[in-house]
There are 2 protein chains.
Amino acid sequence: MTTITTRDHIVAAANQLFYRQGYEHTSFADIAGEVQISRGNFYYHFKTKDEILDAVIGARMAETQAMLDEWEAESESPADRIRSFIHILIANRTDIKRFGCPVGTLTTELAKLNHPSQAGATELFSLFRAWLSVQFRALGCKKDADRLAMHILARSQGVATLASAFGDEKFIRREVGEMCDWLAWIAAAAGSEEQEKS
Amino acid sequence: MTTITTRDHIVAAANQLFYRQGYEHTSFADIAGEVQISRGNFYYHFKTKDEILDAVIGARMAETQAMLDEWEAESESPADRIRSFIHILIANRTDIKRFGCPVGTLTTELAKLNHPSQAGATELFSLFRAWLSVQFRALGCKKDADRLAMHILARSQGVATLASAFGDEKFIRREVGEMCDWLAWIAAAAGSEEQEKS
DNA sequence: GACGGATTAGGACGTATGTCCTAATAACGA
DNA sequence: TCGTTATTAGGACATACGTCCTAATCCGTC
């Protein structure tokens, strides 16, 4: 049995607030207020704000890995798995419309703050990137796997940014459709190449 | 003759700092230090930080409009004009690698701050969007002009975000190449449709 | 050369925030 | 039951920041 500790509550609240308000704009008091504990208790668990950030990044890493594992288990086909990735834009559309992509906005903010945990945030991107690479490789795109992974990652980021700026949900759905069309095209091309070889 | 006033210097410095450090993370003292004036003088020109932000957004609107006008003048072909847009990613690659896209990162930050000037920042996107729409329409993509404009805008944003996260310049060049290929394909398709009609 | 508005300098003030300390309370093993 | 550790509460403290005020200085005009 896993008990939810106060520390877990803090990390969960910070995770949400960092996403919704940004890291710098979120204060100790904000988090403490959300968890309903005193600032003193807060300090017992985390000495500095940076420590909380690292804990949040760690939690997101775990979450993300779990999600990727789930997609891996849910489907045998690499194309379907990549489609799972593309569809998070729709699954999380409400939050994305309001706050953008959690990964992209965090890395962007930390870059401007020149924050020591920049690398940690980028790791979140790397997790998706590596996983997508594996899927594209399984799809038959051996040499281009990483290129394609970066491509679809970039398009997702762009959609999230503009969807947030314009608050446009139809735009998300349209772009998701186009990304899936693109994927089908890539999969077909890779498939025919495989045939040529044999 | 247009004399450069202190106010102009302040706006220029704030413009740079907001881009490099973010709006919230940039203090009055930062800007005053950059321009080498006292905080008191500062207050004479701008009563609040929000006022500076609005001035910066205004300056960026003017800059952007001037750039679009220039692209319009430089080339007769709408495809070339759109290529000019795509190539800002390469022209500004050094800054983009470090700080991302000035428009995207600002709108993202203001969204998290729930700042009153969000709409102003989005206007910057709208400027590009409308201009790109005009170009795509001139290219022969009448019905899809806005869709294509949003598409290429989103891809640029995504490239900027990931290029900043990974500090990868080759990635920028590769994606710019692919966007140009995509544009050529769109132009060709629109061209053949035009022929069908006649 | 004197006046008046425009501009600049420097500092005061209140607030918010990250950090830290100390005392009280809860949990738990001997 | 007692004592030790883990946890929580509340407040102190220094700093940074946005805002505001007042006095000094510049500069064009009469």
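Each chain gets a letter, A, B and so on, in the order the sequences are listed, and its residues count up from 1. These figures come from a predicted structure and were not determined experimentally.
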Original post:
For DNA chain C, whose closest nucleotide is more 5', that of A:Y23 or that of A:G40?
Top reply: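 In this pair, the answer is A:Y23.
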Subject >> Parallel, tilted or perpendicular: ring planes of B:F18 versus B:Y23, cut at 30 and 60 degrees >> reply: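 The rings of B:F18 and B:Y23 stand perpendicular, inter-plane angle above 60°.
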Original post:
In terms of ring plane angle, is the pair A:F28 and A:F42 parallel, tilted or perpendicular, where the classes change at 30° and 60°?
Top reply: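 If you compare the ring of A:F28 with that of A:F42, the planes turn out tilted.
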Original post:
With a 4.0 Å cut-off on heavy atoms, is B:T26 in touch with a base, just the backbone sugar-phosphate, or nothing at all?
Top reply: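 Contact class for B:T26: sugar-phosphate only.
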Can you tell me the distance, in whole Å, between the [atom1] atom of [X] and the [atom2] atom of [N]?
| X | N | atom1 | atom2 | value |
| --- | --- | --- | --- | --- |
| A:F42 | C:dC20 | CZ | P | 14 Å |
| B:D50 | D:dC17 | CG | C1' | 14 Å |
| A:H25 | D:dA16 | NE2 | P | 20 Å |
| B:F46 | C:dT8 | CZ | C1' | 15 Å |
| B:E24 | D:dA16 | CD | C1' | 13 Å |
| B:N41 | D:dC26 | CG | C1' | 12 Å |
| A:F28 | D:dA12 | CZ | C1' | 16 Å |
| B:I52 | D:dT19 | CD1 | C1' | 12 Å |

Original post:
Choosing from C:dG18, D:dT8, C:dG10, which nucleotide comes nearest the side chain of B:S38?
Top reply: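 Of the candidates, C:dG10 comes closest.
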Taking only N and O in the side chain of [X], is any of them less than 4.0 Å away from OP1 or OP2 of [N]?
| X | N | value |
| --- | --- | --- |
| A:Y43 | C:dT19 | no |
| B:H45 | C:dT8 | yes |
| B:Y44 | C:dT7 | yes |
| A:T6 | D:dT8 | yes |

Subject >> Validation row, ring centre B:F171 to ring centre B:F166 under 6.0 Å >> reply: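 Centroid separation for B:F171 and B:F166: 6.0 Å or greater.
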Subject >> Working for salt bridge (charged side-chain N to carboxylate O under 4.0 Å, His left out), residues A:E178 and B:R147 >> reply: CA-CA 11 Å; A:E178 290 186 20; B:R147 198 199 88 215; 3.0 Å; yes
Original post:
Counting only heavy atoms not in B:E74, do more than 12 fall under 6.0 Å of its CD?
Top reply: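 Yes, because the 6.0 Å sphere around CD of B:E74 holds more than 12 heavy atoms from other groups.
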